[in-house]
Amino acid sequence: MDARHFSGTIRYWNPDKGSGLAVVDIPAEHVEAIGGLRQQRVHGTIATADFTSSVMPAGGGRLALSVSKAMMQSAGVAVGDTAEFAILRIGGD
């Protein structure tokens, strides 16, 4: 797979709660290259910080990347911020 680069805004999975799981929606043009609408491990970068995380179906034909507190801290971003993401590799650890 070629690296997939995109910009996205970090949001809460359930915005009505105002807390909990943070995610960023992956643009539709990258979903098939990443493996479609299924849960799987991915490796990449947020800003310049490396991460290992998971992508998962988010309803309505969307795929979302889980963004942990550690990922946000390492990249210097927070929920509500827009950041540059890259998915570099799928699977494994």
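FYI, the numbering just counts along the sequence from 1. Keep in mind that this is a model prediction, so the values were computed, not measured.
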Show which side-chain atoms of residues 11-24 pair as donor or acceptor with protein atoms under 3.5 Å away, not counting sequence neighbours.
{"unit_1": "R11", "atom_1": "NE", "unit_2": "D25", "atom_2": "OD2", "d": "3.0"}
{"unit_1": "R11", "atom_1": "NH1", "unit_2": "W13", "atom_2": "O", "d": "3.3"}
{"unit_1": "R11", "atom_1": "NH2", "unit_2": "D25", "atom_2": "OD1", "d": "3.0"}
{"unit_1": "N14", "atom_1": "OD1", "unit_2": "D16", "atom_2": "N", "d": "3.2"}

Nearest heavy atoms of F6 and I87, plus distance in Å: CE2-CG1, 4.0 Å
Donor-acceptor pair, H43 side chain versus G91 backbone, under 3.5 Å? yes
Where do V77 and A83 come nearest, in terms of heavy atoms and distance? CG1-CB, 4.1 Å
If you compare all heavy atoms of S66 against all heavy atoms of S53, which two are closest, and at what distance to 0.1 Å? O-OG, 2.6 Å
Rounded distance [0.5 Å steps], CE in M56 versus CG in L63: 8.5 Å
Do any side-chain atoms of residues 27-36 form donor-acceptor pairs under 3.5 angstrom with protein atoms, and if so which ones, sequence neighbours left out?
{"unit_1": "H30", "atom_1": "NE2", "unit_2": "H5", "atom_2": "O", "d": "3.3"}

Closest non-hydrogen atoms of Q39 and P57, given as atom of the first, atom of the second and distance, are N-CD, 3.9 Å
With rounding to the nearest 0.5 Å, note down the distance linking CD1 in I10 to CE in M71. 7.5 Å
For L88 and A3, the nearest pair of non-hydrogen atoms, with its separation, is CD2-CB, 3.7 Å
Which heavy-atom pair separates V67 from M72 by the least distance, and what is that distance? CG1-CG, 3.5 Å
How long is the straight-line distance from CZ of F85 back to OG1 of T45, given to the nearest 0.5 Å? 9.0 Å
Interatomic distance, R62 atom CZ to L37 atom CG [nearest 0.5 angstrom]: 10.5 Å
I'd like to know whether CD of Q73 has more than 12 heavy-atom contacts from other residues, nucleotides or ligands below 6.0 angstrom. no
